[in-house]
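Below is one structure, written out as C-alpha cells; comments come after it.
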Protein chains: 2
Amino acid sequence: MKDVATAAGVALKTVSRVVNGEPGVHPATAERVRAAIDRLGYRRNESARVLRRGRTATIGLVIEDVADPFYAGLSRAVEDVAIAHDCLLLSGSSGEEAGRERELVETFCARRVDGIVVVPAGADHGYLRPELEAGTKVVFADRPPGAGLDADTVLADNAGGAGRAVRHLLGQGHERVAFVGDAPAIYTAAERHRGYRDALGDRYDPRLVAMRPPAEEAMRADLERMFALDRPPTAIFTGNGRCTVTALRALAGRKVALVGFDDFELADLLRPGVTVVAQDPARMGRVAAELLFRRLCGDEGPPEHIRLPVRLIPRGSGELAP
Amino acid sequence: MKDVATAAGVALKTVSRVVNGEPGVHPATAERVRAAIDRLGYRRNESARVLRRGRTATIGLVIEDVADPFYAGLSRAVEDVAIAHDCLLLSGSSGEEAGRERELVETFCARRVDGIVVVPAGADHGYLRPELEAGTKVVFADRPPGAGLDADTVLADNAGGAGRAVRHLLGQGHERVAFVGDAPAIYTAAERHRGYRDALGDRYDPRLVAMRPPAEEAMRADLERMFALDRPPTAIFTGNGRCTVTALRALAGRKVALVGFDDFELADLLRPGVTVVAQDPARMGRVAAELLFRRLCGDEGPPEHIRLPVRLIPRGSGELAP
DNA sequence: ACACGCCCTGACAGCGTTGTCCGCCCCCTT
DNA sequence: AAGGGGGCGGACAACGCTGTCAGGGCGTGT
C-alpha cells in the first residue's frame with residue numbers, strides 16, 4: 001500500500017480511502033491511485049485490516065465429516081449464507097472426536113472468527129465459556145451442547161421422526177420392529193432410539209436393538225442374531241443415512257420392511273424404493289447460519305432452540321407387509 | 001497479551017516466549033505466565049501473528065460444489081492433508097461460475113493464504129499471474145488452467161477412462177453407444193467425449209451425443225430422440241456421476257446397457273448394479289494438496305502434470321447384451 | 001477584498017504480535 | 001575478590017492497515 005502511495009504520488013491514507021471506496025477523494029486522484037494499484041498488482045492485506053478493525057468477516061464450521069452427504073449439504077448451505085453476508089467460511093471435520101472438535105473450535109477462535117456453527121462431537125463444552133464471554137457467537141446444529149450450557153441450537157425432530165417411522169411400520173401390521181442405529185453416545189442416535197422405544201410401548205424388546213458405528217460385518221452379525229430369535233423382526237428402522245445404506249448391504253436382498261432416518265440420493269431408484277424419514281440438511285445449515293448472523297448483527301435475545309420438522313417419504317420398502 | 005504480562009508481572013515479550021514455547025524462560029516464570037493466561041482466558045490473536053510473520057498457515061480450496069459427493073470427497077482429503085501440516089482450510093464453491101471462482105481466489109489471496117487448490121470453473125486464469133508472482137502457490141485439480149498458464153495440475157485420465165468404458169461396451173457386442181455428458185465447456189466433459197469419440201472411430205455418430213448440464217426432463221427428451229432413431233443406441237456411456245444418476249432416472253427402467261464415469265454410493269445395490277469407470281476423489285485431493293505443500297516447503301521444480309488412473313468396475317449394467 | 005467554509009489530502013497513532021538487540025544478575029572460574 | 005560468560009528478562013520497532021484530526025487550497029457570499 002505504501003508502494004502504491006509512492007507510485008501514485010499520494011499519501012498512504014488516500015490509497016486506503018480509494019481501496020475502501022470512502023468518499024472525499026477527487027476522481028482524478030482516485031483514478032491515478034487505481035492505475036498504480038493495477039500496475040503494481042496490489043491487493044489489500046486482510047490480516048492487517050482484521051487486526052485494525054477487529055472483525056474478520058469469517059465464520060467457522062465444525063462438522064463431523066464433509067464427505068458425508070448430510071454434512072456436505074449442510075456445509076454448502078452455511079457457505080451460501082456466509083457468502084451472502086460477505087463472509088468466508090473456515091471449515092473442519094471433527095471425525096466424531098471430541099478432542100478434534102475442541103481443537104478446531106479453539107483454532108477458529110484464535111483466528112478470531114466472528115462466529116461458529118458447531119455440530120458437536122463431544123459432550124462437554126465448558127471450554128467454550130471464555131470464548132462466549134469474549135463475544136464469539138456460537139450456534140449448535142444437529143446436536144445440542146453438553147449439559148450446563150444454554151446456547152442457540154438447531155435440531156431436527158429426531159424423536160418425533162423416529163416415532164413417525166415406527167408408527168408407519170406398525171400401521172402396516174408389523175409387530176416386531178428392529179432398530180439399527182449408530183453409537184448410543186451420539187445424541188441423534190439416542191434421541192431416535194428414544195422415539196422408537198416410546199412409539200413401541202409394550203412391544204419394545206431390547207433384543208431387537210443394535211446400536212454401534214455402522215460397519216457391514218458387525219451389522220450383518222447383529223441382524224443375523226435378530227433373525228434367529230423366536231419371533232424375528234419383520235421390519236427395521238435404521239437410525240441414520242449410513243446405517244440405512246449399511247443395512248441394505250447387510251440384508252443382501254432379504255425381504256424385510258425398512259424405514260430409514262435421513263433421505264439419500266437414489267433411495268427412489270432401489271427396488272423397492274426406500275421409505276425414509278427425511279430431514280433437510282440444507283435447511284438446517286441455512287437456519288443455523290442465519291441465526292448466527294442475527295447474533296452477529298447484535299441480536300441479544302435469549303438462546304433459541306429451533307426444532308426442524310422431518311417428513312415421511314413412502315417409497316415402497318416401508319410398505320411391505322409382515 | 002499485555003494484560004497477561006501485567007498480571008504475571010513480566011514483560012510482554014516473555015509472555016510471547018511462553019506462548020510460543022521458546023527457550024530461555026525460567027520454568028517458574030513460565031508457570032506464572034501460564035497461570036495468568038488461564039486466569040484471563042487469553043488466546044493468541046492469529047491475525048496479528050500472521051501480520052507479523054507473513055505466513056497464515058491457511059490454504060484455500062475452490063471447488064464446484066461441496067454438496068457434490070465427488071468434491072466432498074476431494075475436500076475432505078485436502079482438509080486432512082492441511083491438518084497434517086497444521087494448516088486450516090478456507091473453502092468455497094464456485095457453482096461452475098468463472099466470476100465466482102475468481103472472486104473466491106482473489107478473496108483468498110487478500111487473506112494471504114499460503115496456497116490454493118483450485119478446481120477451475122473458468123477458462124482464463126490470467127488474473128492469477130500477479131498472485132503467482134507474489135509467491136502464492138496454486139495447484140489445479142480435476143481440470144487444467146486456461147491456456148497460457150503452465151502450473152501444477154492433477155487430472156484424472158479422462159479420455160483414457162472414457163475409451164476404456166466405450167471399448168468395454170463394444171466388447172459386449174454393442175454397435176450403437178450413446179454419450180450423455182455435461183456441458184461441453186467443462187473440461188472433463190469435453191475430454192471424456194473425446195475419449196468416447198476416439199474409441200468409437202467410424203462408429204461415431206453425433207446424433208448419439210447429448211451434452212448439457214444434467215436435468216431430468218431435458219435428458220429424457222434427448223434420450224427419447226435417440227431411441228426414436230432408425231438405429232437407436234443399445235448402450236449409453238454417461239459422462240459423470242450426476243449424469244449417470246439423472247440418466248438412470250430418465251431411463252426409468254428401460255433396458256439399456258450403461259457405463260458411467262465416476263463411482264457413486266449404492267451403485268452396487270441397484271439392479272442391475274451400475275458398471276462404472278471410477279476415479280478416486282480422495283486421492284486426487286490428497287495428491288493435489290501434497291503437491292501444494294511440497295511447493296510451500298520450497299520445491300521450485302518445473303510445474304508437474306499428474307494424471308491419475310481410473311479403473312473399470314463391472315457390476316452388471318455394462319455387461320448387458322445389445 | 002476579506003472572511004468563512006467546504007472539499008480534499010496527509011500526518012500520526014495504534015491494532016497485537018514477534019524479531020532484534022541490549023542489559024541485568026548470578027554463578028563460575030582464576 | 002574480580003572478571004567473564006551464560007541464562008534470563010525487557011525495551012523497541014515493525015508488520016499493513018484504518019480512525020482521528022489537522023491543514024491547505026479554492027470557491028462563495030457579503
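Letters go in sequence order (proteins before strands), and every chain restarts at 1. If you're wondering where the values come from, they're calculated on a predicted model, not measured in any experiment.
- In this entry the distance linking NE2 of B:H26 with C1' of D:dG6 reads 15 Å, nearest Å.
- The side chain to side chain donor-acceptor pair (under 3.5 Å) check on A:D182 picks up A:N240, with sequence neighbours excluded.
- Axis angle, first five pairs versus last five pairs of the helix from C:dA1-D:dT30 to C:dT30-D:dA1: 50°, rounded to 10°.
- Applying the side-chain hydrogen bond (donor to acceptor under 3.5 Å, both in side chains) test to pairs two or more places apart or on separate chains, those with a residue in residues 54-63 of chain A are A:T56-A:D114, A:T58-B:R111.
- A:S47 comes within contact range of no nucleotide atom at all, as no heavy-atom separation falls under 4.0 Å.
- With salt bridges taken as basic N to acidic carboxylate O contacts below 4.0 Å, one links B:R143 and B:E96.
- Taking the side chain to side chain donor-acceptor pair (under 3.5 Å) definition, one finds that B:D150 meets it with B:H305, sequence neighbours left out.
- Listed by first then second residue, pairs satisfying side-chain hydrogen bond (donor to acceptor under 3.5 Å, both in side chains) with a partner in residues 76-92 of chain B read A:D65-B:R76, A:S93-B:E79, B:R76-B:D80, not counting sequence neighbours.
- In this model, the phosphate group of C:dG10 is approached by a side-chain N or O of A:T14 to a distance below 4.0 Å at OP1 or OP2.
- If B:P23 and B:L51 are placed on DNA chain D by their nearest nucleotide, the residue sitting closer to the 5' end is B:P23.
- Residue pairs that meet the salt bridge (Lys or Arg N to Asp or Glu O under 4.0 Å) test with at least one member in residues 17-32 of chain A, sequence neighbours left out, are A:E31-A:R34.
- In this structure A:E97 satisfies the salt bridge (Lys or Arg N to Asp or Glu O under 4.0 Å) test with no other residue, sequence neighbours excluded.
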Expected rows: protein N/O vs nucleotides 18-20 of chain D N/O, under 3.5 Å:
{"residue": "D:dT18", "atom": "OP1", "partner": "A:N20", "partner atom": "OD1", "Å": "3.3"}
{"residue": "D:dT18", "atom": "OP1", "partner": "A:N20", "partner atom": "ND2", "Å": "3.2"}
{"residue": "D:dT18", "atom": "OP1", "partner": "A:R49", "partner atom": "NE", "Å": "2.7"}
{"residue": "D:dT18", "atom": "OP2", "partner": "A:S16", "partner atom": "OG", "Å": "2.9"}
{"residue": "D:dT18", "atom": "OP2", "partner": "A:N20", "partner atom": "ND2", "Å": "3.1"}
{"residue": "D:dT18", "atom": "O2", "partner": "A:R52", "partner atom": "NH1", "Å": "2.1"}
{"residue": "D:dG19", "atom": "N7", "partner": "A:K13", "partner atom": "NZ", "Å": "2.8"}

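- A:V50 comes within 4.0 angstrom of nothing in the nucleic acid, heavy atoms only.
- For the pair A:K2 NZ and D:dC17 P, the computed distance is 10 Å after rounding to whole Å.
- Applying the ring pair (Phe, Tyr, Trp, His ring centres under 6.0 Å) test to residues at least two apart or on different chains, none of the pairs has a partner in residues 55-84 of chain A.
- Between the C1' atom of C:dC15 and the CD atom of A:E46 lies a distance of 15 Å, rounded to the nearest Å.
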